[in-house]
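Worksheet: one structure, shown below.
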Amino acid sequence: FRTPARFHMATGQKSTRLLFEKLNRQLTKLAAKPTPNSVHRFRTNGRRLEIVLTELSSNPGRNGKKLLKLLARLRKKAGRVRDLDVQVALLRSLKMPEGARHKSQLMQMLMDERGKREKKVAQAFDRRTVRELRKRLKRAASELDIRESAAWDQARSTLAKLDRQPVPMTEKVLHQYRILGKRGRYLAELAGKNPEAQRLVDQLKIMQDALGEWHDWLKLTQ
């Protein structure tokens, strides 16, 4: 039994459509108040859509290119807020009675910086920008033709770039694993109910969580 190609296309399209819908919902929340949750979800869904447009679209066209540029700019601003949210949470979890005063000073500095960054995010998501982003998202959604098989092939191709030989776990190597692992996971998630893809996604989530925690502590230390 062979699954019809149109089924692969339909389910691939459904996953992508849900991605557009999630991003649209976060736009409304971010324009109102950049909470830690809305900032995080916008960043992850924005990254997923960027990967779809760059990895699975043979020709993103003029609208796709402008959408990518706009998403990258907004995601960068949201990322600065997200980094501070994570650092504040990590600092709160750190038990250091002997350095309570220094911890309090650093916490205040991070909170002040977070407030400044939040204002910049709110300004970036003004009505005109949100309206343009929604228009470009709608157009891109109507132009995309995603197949599950293509997503799975691209996921494997992306992960093949990882060095499979034992190497020292330097900051550069860990960063490469973090970026390529995230890209591979988002592509594999579009492969539908492919059992092999689902197993890979589960493995990549574990890797991504571990590397994400390492990266967050590194940034706070710096």
Side-chain angles (χ1 to χ4, degrees), residues 8-85 116-155 157-159 161 175-176 178-192 208:
H8 286 296
M9 182 175 67
T11 50
Q13 290 289 83
K14 182 179 179 181
S15 299
T16 309
R17 187 175 68 248
L18 288 173
L19 180 57
F20 279 97
E21 291 173 0
K22 288 177 181 178
L23 201 53
N24 257 312
R25 285 198 296 270
Q26 297 312 317
L27 281 178
T28 302
K29 295 178 180 179
L30 269 176
K33 174 71 174 177
T35 64
N37 187 54
S38 61
V39 169
H40 174 60
R41 290 186 180 280
F42 173 79
R43 285 188 70 235
T44 54
N45 288 318
R47 170 60 78 185
R48 280 183 167 91
L49 184 55
E50 286 178 11
I51 289 171
V52 167
L53 291 172
T54 55
E55 303 284 347
L56 298 176
S57 177
S58 57
N59 181 17
R62 184 168 177 268
N63 178 69
K65 291 175 182 176
K66 289 199 171 186
L67 175 57
L68 282 168
K69 187 176 180 180
L70 186 56
L71 276 174
R73 178 169 64 83
L74 294 173
R75 198 169 53 76
K76 187 175 180 180
K77 288 184 179 295
R80 288 169 178 158
V81 174
R82 171 64 180 169
D83 286 346
L84 288 164
D85 285 334
K116 293 175 186 177
R117 295 294 182 183
E118 181 181 316
K119 288 179 182 178
K120 290 184 179 182
V121 168
Q123 291 169 357
F125 284 85
D126 56 45
R127 288 185 179 180
R128 181 178 176 182
T129 301
V130 170
R131 187 164 55 247
E132 180 188 354
L133 188 51
R134 282 210 166 101
K135 179 184 73 174
R136 297 199 178 282
L137 284 170
K138 184 177 181 181
R139 190 176 300 170
S142 67
E143 295 170 349
L144 279 174
D145 180 11
I146 305 300
R147 293 178 182 272
E148 288 182 6
S149 57
W152 176 229
D153 289 343
Q154 192 61 37
S157 175
T158 296
L159 293 172
K161 298 174 185 176
H175 184 67
Q176 180 195 34
R178 181 169 169 265
I179 298 301
L180 289 178
K182 189 181 296 186
R183 191 178 301 165
R185 172 192 164 184
Y186 293 162
L187 287 165
E189 285 176 340
L190 296 173
Q208 193 175 338

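Everything quoted here is computed from the prediction, not taken from an experiment.
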Under the side chain to side chain donor-acceptor pair (under 3.5 Å) test, residues paired with [X] that sit two or more places apart:
{"X": "Asp83", "value": "none"}
{"X": "Glu21", "value": "none"}
{"X": "Gln26", "value": "none"}
{"X": "Thr28", "value": "Arg134"}

Roughly how far apart are [X] [atom1] and [Y] [atom2], rounded to 0.5 Å?
{"X": "Leu49", "Y": "Thr44", "atom1": "CG", "atom2": "OG1", "answer": "11.5 Å"}
{"X": "Lys161", "Y": "Arg183", "atom1": "NZ", "atom2": "CZ", "answer": "6.0 Å"}
{"X": "Leu133", "Y": "Leu74", "atom1": "CG", "atom2": "CG", "answer": "6.5 Å"}
{"X": "His40", "Y": "Arg82", "atom1": "NE2", "atom2": "CZ", "answer": "4.5 Å"}
{"X": "Leu30", "Y": "Asn37", "atom1": "CG", "atom2": "CG", "answer": "10.0 Å"}

Measuring only between side-chain heavy atoms, which start at C-beta, is [X] closer than 4.5 Å to [Y]?
{"X": "Leu23", "Y": "Leu19", "result": "no"}
{"X": "Leu190", "Y": "Ile51", "result": "no"}
{"X": "Arg178", "Y": "Lys182", "result": "yes"}
{"X": "Leu56", "Y": "Leu187", "result": "yes"}
{"X": "Lys22", "Y": "Arg41", "result": "no"}
{"X": "Thr129", "Y": "Arg73", "result": "yes"}
{"X": "Arg185", "Y": "Arg48", "result": "yes"}

Self-check item: Sequence-distant partners of Lys33, side chain to side chain contact (heavy atoms under 4.5 Å, CB included), two or more places apart
Solution: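 Testing Lys33 for side chain to side chain contact (heavy atoms under 4.5 Å, CB included), a comparison that skips the adjacent residues, returns Thr35, Glu118.
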
Quiz prompt | For Phe42, all residues meeting ring pair (Phe, Tyr, Trp, His ring centres under 6.0 Å), sequence neighbours excluded | solution =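 Residues passing ring pair (Phe, Tyr, Trp, His ring centres under 6.0 Å) with Phe42: Phe125.
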
Quiz prompt | Pair Arg128 + Glu132, salt bridge at N-O below 4.0 Å | solution =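 So Arg128 does not pair with Glu132 through a salt bridge.
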
Quiz prompt | Side chain Thr54, main chain Glu50, donor-acceptor under 3.5 Å | solution =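 Present.
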
